[in-house]
J.: 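Structure incoming, see below.
Order of appearance sets the numbers: ligands from 1, and atoms from 1 within every ligand.
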Amino acid sequence: MLKLNFHPAGRHFLQIPGPSPVPDRILRAMSYPTIDHRGPEFGALGLQVLEGIKKIFKTEQPVIIYPASGTGAWEAALSNTLSPGDTVLMYETGHFATLWKKMAEALGLKPEFLGLPGIEGWRRGVQADLIEERLRADKGHVIKAVCVVHNETSTGVTSNIAAVRKAIDAAGHPALLLVDTISGLASADYQHDAWGVDVTVSGSQKGLMLPPGISFNAVSKKALEASKSAKLPRAFWDWTDIIEMNKTGYWPYTPNTNLLYGLVEALDMILGEGLDNVFARHKRLAAACREAVKAWGLEVQCADPEVYSPVLTGVMTPEGFDADAIRKTIYENYDMSLGTGLGKLKGRMFRIGHLGEANDLTLMATLAGCEMGLKLAGVPLAGSGVAAAMQYLTTHKARQQ
Ligand SMILES: *Cc1c(COP(=O)(O)O)cnc(C)c1O
């Protein structure tokens with residue numbers, strides 16, 4: 001066993017925006033014995049998850065499941081559709097958008113990074129008009145793809161993907177639309193087909209409530225067509241063989257059997273609750289969390305109420321208070337993990353995750369831990385965020401269907 005310095009009583013509060021807490025039902029499902037990945041039962045399991053996951057992406061097209069973290073599925077999206085030297089228009093919403101751009105450079109693509117200047121771009125979602133303007137100027141159609149992040153996990157800001165599709169269409173531009181919804185899927189509404197997305201990238205350890213280890217590419221017909229002439233080197237990530245073998249529920253290599261057991265259970269939980277109920281639950285908890293932040297007299301990182309993330313809330317700390325020191329105080333005193341500030345926001349903010357396996361009481365416990373920790377760290381608070389969140393939750397009833 002892993003030796004820890006201490007063994008606190010009670011459960012650890014994993015309130016980072018992914019990995020999110022794994023429900024007991026999923027953990028139990030994952031403890032079934034591993035089976036032969038070429039045997040008859042496996043084919044039935046494969047077909048079940050490949051069909052079920054389409055409902056989450058809201059697509060009729062193939063969804064590819066990789067035994068990899070989300071970063072792998074990022075690479076798959078780029079390498080299956082693009083060629084060396086291709087220009088791609090990427091939009092800077094935060095740290096994850098920045099990492100995806102770095103990857104594009106490493107793969108030999110030429111990313112153009114669009115966005116609002118400085119920290120402002122990290123407080124607002126994608127400005128679709130900037131994309132439209134840039135594409136209109138690209139008369140020769142040099143830009144081969146537009147890449148955006150749906151839920152920017154580093155900031156707690158979402159982006160309007162339908163508006164990006166509209167911008168591309170308004171410019172009459174043939175570029176592919178590639179979207180990262182690694183942390184948005186199954187927490188915020190997402191419509192791969194209706195929004196005309198060509199490749200959607202996602203992962204297991206956020207809204208799907210699974211451990212890290214599997215990730216996804218949902219693809220469009222146009223993306224499949226593009227993959228036929230795309231020249232970036234790819235082998236493991238190549239869609240062709242996977243899609244062919246997936247037709248009978250198998251993979252060209254050994255898939256992540258026990259995580260697929262977990263995925264069956266996650267699909268059952270999410271579809272059983274109903275996607276709209278899942279989204280409404282996330283929105284309500286996020287709103288209550290923001291009420292708490294406001295009552296503390298602190299600022300929410302997202303500056304545009306239209307695009308508040310239902311997945312996490314970024315909390316800015318006052319001048320002179322290092323957000324990571326506050327996180328450390330909370331971890332050491334209350335056994336709760338909060339998300340760190342990433343990239344440009346290091347030390348300036350912490351992130352509260354309220355996704356997946358979350359309800360009123362998990363949020364209230366989380367906010368109590370934050371409030372006590374902020375007090376211990378000496379942060380002057382305007383009032384009780386816990387009281388404000390309770391007030392919100394008791395006056396805004398949960399949606400029931
Ligand atoms: C978590 C996350 C990633 C990275 O996924 P890994 O599984 O850590 O590789 C990328 N983009 C976003 C938006 C994320 O939330």
J.: Can a side-chain donor-acceptor contact be found between T257 and H37 if the only test is distance below 3.5 angstrom?
T.: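 No, because no side-chain N or O of H37 sits under 3.5 Å from a partner of the opposite role on T257.
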
J.: Which pairs with one or both residues in residues 101-119 pass side chain to side chain donor-acceptor pair (under 3.5 Å), sequence neighbours excluded?
T.: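 For residues 101-119: K101-E105, E112-R134.
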
J.: Can you run down the side chain to side chain donor-acceptor pair (under 3.5 Å) pairs that involve residues 378-393, sequence neighbours left out, and say none if there aren't any?
T.: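 Residue pairs with at least one partner in residues 378-393: E371-S384.
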
J.: Between S227 and N80, is there a side-chain donor-acceptor contact under 3.5 Å, judged purely by atom types and distance?
T.: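 N80 vs S227: no donor-acceptor pair found between side chains.
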
J.: Quick one about H173 and D138 (side-chain donor to acceptor, distance below 3.5 Å, no hydrogens or angles considered), yes or no?
T.: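 Yes.
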
J.: Donor-acceptor pairs under 3.5 angstrom involving side-chain atoms of residues 62-70: please list them, not counting sequence neighbours.
T.:
unit_1 : atom_1 : unit_2 : atom_2 : d
Y66    : OH     : W237   : O      : 2.7
Y66    : OH     : W239   : NE1    : 3.3
S69    : OG     : T71    : N      : 3.3

J.: Write out the protein residues near ligand 1, meaning a non-hydrogen atom under 4.0 Å from one of its atoms, in order of chain and number.
T.: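 Within 4.0 Å of ligand 1, protein side: S69, G70, T71, W74, F96, V149, N151, T153, D180, I182, S183, Q205, K206.
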
